[in-house]
Amino acid sequence: QVQLVESGGGLVQPGGSLRLSCAASGSASSLYDINWFRQASGKARELVAAVSSGGSTRYTDSVKGRFTISRGNAKNTVDLQMNSLKPEDTAVYYCNARRGPVEYWGQGTQVTVSS
């Protein structure tokens, strides 16, 4: 069992920055791939960024060059640094841990980009 707790969401102006954190606890959490998803109102949930248990990263095209996903030294935290935020980044952001067919979700944190 893995527990995920997100933090760091909020309201920011266009062009601003936010840093989201996902704290993972539980059995062998460092062996899981960690993903950040987001879901805007009325839209499907989409994968934003991912970091594998081995440290490989990938991003959806719309955030490349603006967002950075990183794993803490203890590998039980994963941060998502979001720069140059746009109104279209507004969504609930979810942390997801996945290993094979097993996955866990956090409760989500709201990010609102608005002037």
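The shown structure was predicted, so the numbers you read here are calculated from the model rather than taken from an experiment.
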Considering residues at least two apart in sequence or located in another chain, which fulfil the side chain to side chain donor-acceptor pair (under 3.5 Å) criterion with [X]?
| X | answer |
| --- | --- |
| S7 | none |
| S21 | D79 |
| E46 | R38 |
| E88 | none |

By side chain to side chain contact (heavy atoms under 4.5 Å, CB included) - contacts of [X] (at least two apart):
| X | value |
| --- | --- |
| V51 | I34, T57, I69, R71, V78 |
| V92 | Y94, Q110 |
| S52 | D33, S56 |
| K64 | Y59, D61 |

To the nearest 0.5 Å, what is the distance between [atom1] on [X] and [atom2] on [Y]?
| X | Y | atom1 | atom2 | result |
| --- | --- | --- | --- | --- |
| T112 | Q13 | OG1 | CD | 13.0 Å |
| N35 | L80 | CG | CG | 11.5 Å |
| C95 | Q3 | SG | CD | 12.0 Å |

Completion exercise
In short, salt bridge (Lys or Arg N to Asp or Glu O under 4.0 Å) pairs touching residues 104-115 with sequence neighbours left out are none

What are the two closest heavy atoms between [X] and [Y], and how far apart are they?
| X | Y | answer |
| --- | --- | --- |
| V113 | T90 | N-OG1, 2.9 Å |
| V12 | L85 | CG1-CD1, 3.6 Å |
| S17 | S84 | OG-N, 4.4 Å |
| V2 | A97 | CG1-CB, 4.4 Å |

Exercise for the section: Say whether, by atom type as modelled, one donor and one acceptor occur between the side chain of E6 and the main chain of G108 under 3.5 angstrom. Expected result: yes

Exercise for the section: Answer yes if M82 and F37 sit in the same cluster of Ile, Leu, Val, Met, Phe, Trp and Tyr residues linked by side chain heavy atoms under 4.5 Å apart, and no otherwise. Expected result: no

Handout entry: Shared hydrophobic cluster for Y93 and L11 (ILVMFWY, side-chain gaps under 4.5 Å)
Key = no

Handout entry: Intermediate values then yes/no, side-chain contact (heavy atoms from CB on, under 4.5 Å), D89 and R66
Key = CA-CA 11 Å; D89 295 316; R66 300 189 297 122; 2.8 Å; yes

Practice task
Please tell me if the side chains of E103 and Y32 come closer than 4.5 Å, counting only heavy atoms from C-beta onward.
Solution key: no

Handout entry: Those residues that, when tested against R99, pass salt bridge (charged side-chain N to carboxylate O under 4.0 Å, His left out) (two or more places apart)
Key = none

Exercise for the section: Tell me, please, which residues at least two apart from R58 pass salt bridge (charged side-chain N to carboxylate O under 4.0 Å, His left out). Expected result: none

Handout entry: Residues clustered with L31, ILVMFWY side-chain links under 4.5 angstrom
Key = none

Problem - Audit row: R45, W105, side-chain contact (heavy atoms from CB on, under 4.5 Å) steps and yes/no - result: CA-CA 13 Å; R45 191 171 294 188; W105 291 90; 3.2 Å; yes

